[in-house]
Chemist: 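Below: one structure in structure tokens.
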Amino acid sequence: MLTLQNVTKVYAQGSRMVHALRGVSLCIREGEFVSITGPSGSGKSTLLHLLGALDVPTTGSIRFADHDLKALSERKRSLLRRRRIGFVFQSFNLLPTLTAVENVALPLVLAGQGSSHRRALDALDRVGLSGRADHLPEQMSGGEMQRVAIARALVTDPDLILCDEPTGNLDSVNAQEILLRLRSLPDGQRTVVLVTHDPQAAALGDRTIHLCDGRLDATGGCNAVAVSIN
């Protein structure tokens, strides 16, 4: 599904160059649930953005299925994200003036796809929220809003779902429910990558990748991580 080879990412921060990732190489297989952990500033979010084609590496290569992400134009990366990648964020990112079903349908509407309402209702049903379809975000709990966000990620039937601290704004009960729903998403074809600070959340993955100072750290409590470190 995903192959990274000697990936670096360097940002200019004023007159200083920040090396967010340093020589990262790894493979993520189709149908895996992979957890990415590490302290703040270790490069987790940068890595997730690269996996999701939101950014490109400074050096090295990233292949998503048959695509070299660095070689794609911004338009083609945008189409790839729209069709094959779903995102779940810590802050939910729901539009406050849209109902749950309208928020879920939004990716389909933007893509000009038909049957968006029916497909959005089906996605809400998958996360147990069909009864809240006509509610606005302000009328839902944090756990319900995150389930709407998961339904939105699922509605395009993506190959890859990327989750950036999806339980960070939830209490322990709601966090556990969200994690169990995420754990059920890999089906042999769909792949899930979860960035988290929570060891309990990370333990749900088939394996854990630990980042430290922009490098993959095979000594950081990882479970059989198939990586090379430069």
Side-chain angles (χ1 to χ4, degrees), residues 28 31-42 44-45 47-49 51-52 54 81 85-108 117 119-187 190-211 221 223:
I28 297 175
E32 270 197 296
F33 188 122
V34 176
S35 302
I36 300 176
T37 66
S40 296
S42 62
K44 300 188 303 298
S45 291
L47 178 56
L48 200 73
H49 289 167
L51 294 176
L54 292 167
R81 291 193 300 269
I85 304 174
F87 296 88
V88 181
F89 301 101
Q90 177 178 342
S91 56
F92 317 138
N93 289 351
L94 302 180
L95 295 181
T97 58
L98 299 184
T99 64
V101 70
E102 290 169 339
N103 267 286
V104 174
L106 191 58
L108 299 175
H117 187 80
R119 291 172 64 183
L121 285 175
D122 289 344
L124 282 172
D125 188 55
R126 291 183 63 182
V127 298
L129 278 183
S130 57
R132 307 286 277 174
D134 295 326
H135 286 68
L136 295 169
E138 66 179 14
Q139 298 171 309
M140 293 183 283
S141 68
E144 288 173 333
M145 285 191 285
Q146 192 59 290
R147 279 192 277 164
V148 172
I150 293 172
R152 182 182 56 195
L154 289 173
V155 76
T156 58
D157 196 24
D159 301 308
L160 173 66
I161 295 180
L162 301 175
C163 309
D164 193 358
E165 298 284 0
T167 60
N169 288 333
L170 303 177
D171 60 63
S172 59
V173 174
N174 280 304
Q176 184 64 22
E177 180 179 3
I178 293 302
L179 290 173
L180 291 176
R181 291 188 182 277
L182 291 174
R183 175 64 264 188
S184 70
L185 296 181
D187 55 6
R190 183 177 292 117
T191 303
V192 176
V193 178
L194 167 70
V195 162
T196 183
H197 284 95
D198 182 358
Q200 183 179 5
L204 290 177
D206 300 318
R207 60 188 171 113
T208 300
I209 293 169
H210 188 83
L211 278 172
N223 300 320

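As the structure is a computational prediction, the values presented were derived from the model and not from experiment.
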Chemist: Heavy atoms only: give me the nearest His210-Gly38 pair and the separation to one decimal.
Modeler: CE1-CA, 3.8 Å
Chemist: Less than 4.5 Å apart, side chain to side chain, heavy atoms only: is that true for Asn103 and Val101?
Modeler: no
Chemist: Could you list the residues that satisfy side chain to side chain donor-acceptor pair (under 3.5 Å) with His135, not counting sequence neighbours?
Modeler: Arg132
Chemist: I need the full list of salt bridge (Lys or Arg N to Asp or Glu O under 4.0 Å) pairs touching residues 152-161, with sequence neighbours left out, sorted by first then second residue.
Modeler: Arg84-Asp159, Asp157-Arg190
Chemist: Would Asp198 and Thr196 count as a side-chain hydrogen bond (donor to acceptor under 3.5 Å, both in side chains) if you check the C-alpha gap in whole Å, the side-chain angles of each, and the deciding distance to 0.1 Å?
Modeler: CA-CA 5 Å; Asp198 182 358; Thr196 183; 5.2 Å; no
Chemist: Under 4.5 Å between any side-chain heavy atoms of Val192 and Val34, yes or no?
Modeler: no
Chemist: Not counting sequence neighbours, which residues clear ring-ring contact (aromatic ring centres under 6.0 Å, His included) with Phe92? List them please.
Modeler: none
Chemist: Please examine the side chains of Pro166 and Leu182, heavy atoms only from C-beta on, and report whether any two atoms are closer than 4.5 Å.
Modeler: yes
Chemist: Under 3.5 Å, is there a donor-acceptor pair between the Asp164 and Gln90 side chains?
Modeler: no
Chemist: If the condition is side chain to side chain donor-acceptor pair (under 3.5 Å), which residues does Thr99 pass it with, not counting sequence neighbours?
Modeler: Glu102
Chemist: Applying side chain to side chain donor-acceptor pair (under 3.5 Å), name anything that partners Gln139, two or more places apart in sequence or on another chain.
Modeler: none
Chemist: For Phe87, check ring-ring contact (aromatic ring centres under 6.0 Å, His included) against everything at least two apart and list the hits.
Modeler: Phe89
Chemist: Output all residues satisfying salt bridge (charged side-chain N to carboxylate O under 4.0 Å, His left out) with Arg126, sequence neighbours left out; order by chain, then residue number.
Modeler: none
Chemist: Which pair of non-hydrogen atoms, one from Pro137 and one from Pro96, has the smallest distance, and what is that distance?
Modeler: CD-O, 3.7 Å
Chemist: Tell me, please, which residues at least two apart from Glu32 pass side chain to side chain donor-acceptor pair (under 3.5 Å).
Modeler: Arg29, Arg207
Chemist: Sequence neighbours excluded, which residues qualify as side-chain contact (heavy atoms from CB on, under 4.5 Å) partners of Ala151?
Modeler: Val104, Ala123, Leu124, Val127
Chemist: So Lys44 and Ile209, do their side chains get closer than 4.5 Å, heavy atoms only?
Modeler: no
Chemist: Using salt bridge (charged side-chain N to carboxylate O under 4.0 Å, His left out) as the criterion, list what pairs up with Asp171, not counting sequence neighbours.
Modeler: none
Chemist: What I'd like to find out is whether the side chain of Val193 reaches to under 4.5 Å of the side chain of Cys163, using heavy atoms alone.
Modeler: no
Chemist: Restricting to salt bridge (charged side-chain N to carboxylate O under 4.0 Å, His left out), what partner residues turn up for Arg147, sequence neighbours left out?
Modeler: Glu177
Chemist: What distance do Thr37 atom OG1 and His197 atom NE2 have between them, rounded to the nearest 0.5 Å?
Modeler: 9.0 Å
Chemist: Check whether any side-chain heavy atom of Leu211 lies under 4.5 Å from a side-chain heavy atom of Leu47, and answer yes or no.
Modeler: yes
Chemist: Under the rule for salt bridge (charged side-chain N to carboxylate O under 4.0 Å, His left out), what residues qualify as partners of Glu165, not counting sequence neighbours?
Modeler: none
